Amino acid sequence: MKEWLEKIDNAQSLEALETLRVETLGKKGVLTLEFAKMKDVPNEEKKAFAQNLNQQKAAVTEAIESKKVTLEALELNRKLEAEKIDVTMFNAEHTCGAVHPVMDTMDRIINYFQNLNFSVEEGPLVEDDFHNFEALNLPKYHPARDMQDTFYNKDFTLLRTHTSPVQIRTMLSQSTPIRMIAPGTVFRRDYDITHTPMFHQIEALVVDDADKISFANLKHVLVEFLHHMFGEVDVRFRPSFFPFTEPSAEVDISCVFCGGDGCRVCSHTGWIEILGCGIVDQNVFDAVGYENKSGYAFGLGIERVAMLTHNIGDLRSLFESDLRLLGQFK
Ligand code: PHE
């Protein structure tokens, strides 16, 4: 039996061990055959014969069981070793994405105003008439609604045409002083070289007690902001009209491409229109129940800024997901 125990101990695999089990304990195994000889053993020797065989059987069984445990552990280790994936291994085919110019620009602007302690507010993309128009001093049938080509839904909701409704939501849910920006998606029924039906805006609103906020505050914040975004450009405020601000202005910067001499990008005017702004109209404060307050607001289109800072000529290329374009902004 000793040789069998040695063979078992030397078994190199689970299959080899199984073969040894069959050869010893199987139907025609050496031990099984020994047991068969029992019938020929004289009665008085039967007991000793059986005891001896049982001991051998127990020894072999025990040896096989313990060898099995060892071999199984080895097998598991071998598998773990063979199937290991090195996730840190360099992969030459791996390509790395880049932040989309629109999101990159949005992040820069958000960062700038967060550093000035502005909070970041959000509102729903599907708005109602009150927040998108009515409360912003745009009553029903007012001709100024034509300025915005609105997508209406059947249930009288609409896709917000600007981020200004977030002004209303913030004033209705917070108290002054308010210093907020609202970045996000807006929608208009428009599609040509300079318009896409979906684009992005950032709104800003500052409100405090009466007489605390003036046009001078607005002007200072905007000039600093535009210099941060575009470098030392000239900034020009042009009187304009928005229903929710009075007085209102549109703000231009000197053309970042020709420095103001006139080129194709600025339509040979030397100036590029960049945002709309103004002092919050009293009617807007009335709509949200604010008394004795003063404030300013402005809104700008992110795509326009992204095109100027990333040197992109066609607005629509921002929405085409062409990896050759996007790959340039790593
Ligand atoms: N909501 C205006 C637009 O979409 C921009 C604006 C915001 C103007 C705030 C003035 C004040 O054109």
Side-chain angles (χ1 to χ4, degrees), residues 102 106 109-110 113 118-125 127-139 142-151 158-171 178-190 194-207 213-223 225-226 235-253 272-285 287-288 290 293-305 315:
V102 171
M106 189 128 124
I109 300 175
I110 292 173
F113 284 104
F118 282 60
S119 67
V120 180
E121 307 294 342
E122 278 180 24
L125 306 187
E127 263 297 2
D128 53 38
D129 192 272
F130 175 76
H131 292 90
N132 196 81
F133 290 129
E134 197 93 35
L136 288 163
N137 197 28
L138 271 150
H142 192 285
R145 283 198 183 197
D146 291 348
M147 284 165 73
Q148 322 209 328
D149 302 281
T150 313
F151 287 110
L158 48 87
L159 299 186
R160 70 177 183 190
T161 57
H162 50 179
T163 41
S164 301
V166 186
Q167 289 188 29
I168 303 302
R169 290 185 178 276
T170 306
M171 285 190 281
I178 286 172
R179 208 185 280 115
M180 62 134 241
I181 54 167
T185 320
V186 301
F187 307 87
R188 292 188 197 178
R189 286 178 43 184
D190 227 344
T194 53
H195 297 88
T196 49
M198 185 278 286
F199 60 103
H200 299 83
Q201 286 188 332
I202 287 202
E203 190 85 9
L205 174 72
V206 171
V207 184
I213 307 293
S214 73
F215 206 99
N217 299 139
L218 170 64
K219 205 169 168 184
H220 173 75
V221 166
L222 282 180
V223 171
F225 164 63
L226 292 171
V235 179
R236 173 173 90 170
F237 285 70
R238 243 180 325 105
S240 185
F241 171 78
F242 298 103
F244 27 92
T245 47
E246 180 62 31
S248 304
E250 274 172 314
V251 180
D252 303 335
I253 55 170
I272 296 178
E273 186 191 317
I274 209 81
L275 56 82
C277 66
I279 293 295
V280 179
D281 195 293
Q282 188 55 49
N283 287 342
V284 174
F285 285 146
V288 295
Y290 273 21
K293 301 291 178 194
S294 61
Y296 66 72
F298 60 87
L300 79 163
I302 311 226
E303 278 77 3
R304 168 69 66 89
V305 179
L315 171 71

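Order of listing sets the numbers, starting from 1, for every ligand and every atom in it. Note that the structure is predicted; figures quoted are calculated from it, not measured.
- Side-chain polar atoms of N217 and H220 form no donor-acceptor pair below 3.5 angstrom.
- Residues V207 and M171 form a side-chain contact, since some pair of their non-hydrogen atoms from C-beta on lies under 4.5 Å apart.
- Heavy atoms from other residues, nucleotides or ligands lying under 6.0 Å from CZ of R238 number more than 12.
- By the 3.5 Å distance cut-off applied to N or O atoms, Q167 is not counted among the residues near ligand 1.
- Under 4.0 Å from ligand 1, not a single heavy atom of S248 appears.
- You'll find the side chain of P197 stays beyond 4.5 Å of the side chain of F199, heavy atoms only.
- At the top of the distance list for atom 2 (C) of ligand 1, counting protein heavy atoms only, stands F244 CZ, 3.7 Å.
- Of all atoms in ligand 1, numbered sequentially from 1 with element shown, those under 4.0 Å from a heavy atom of S164 are 1 (N), 7 (C).
- In summary, the atoms of ligand 1 found under 4.0 Å from a heavy atom of G299, numbered by their order in the structure, are 6 (C), 7 (C), 9 (C).
- Only the side chain of R188 comes within contact range of ligand 1, with a heavy atom under 4.0 Å; no backbone atom does.
- Numbered from 1 in the order shown, with element, the atoms of ligand 1 that lie under 4.0 Å from a heavy atom of E203 read 7 (C), 9 (C).
- A tilted orientation is assigned to the rings of F113 and F298, their planes being inclined by 30° to 60°.
- Within ligand 1, the atoms closer than 4.0 Å to a non-hydrogen atom of Q201 are 3 (C), 4 (O), numbered from 1 in the order shown.
- Ring geometry for F244 against H162 counts as perpendicular: the plane angle is over 60°, on a 0 to 90° scale with 30° as the lower cut.
- Centroid-to-centroid, the aromatic rings of F225 and F118 stay 6.0 Å apart or farther.
- Only the backbone of F298 comes within 4.0 Å of ligand 1, counting heavy atoms alone; no side-chain atom from C-beta on gets that close.
- Where the criterion is an N or O separation shorter than 3.5 Å, residue side chain and backbone included, T245 fails it with respect to ligand 1.
- If you number the atoms of ligand 1 from 1 as listed, the ones under 4.0 Å from a heavy atom of H162 come out as 1 (N), 4 (O).
- At a threshold of 4.5 Å between non-hydrogen side-chain atoms, the residues I279 and P247 count as touching.
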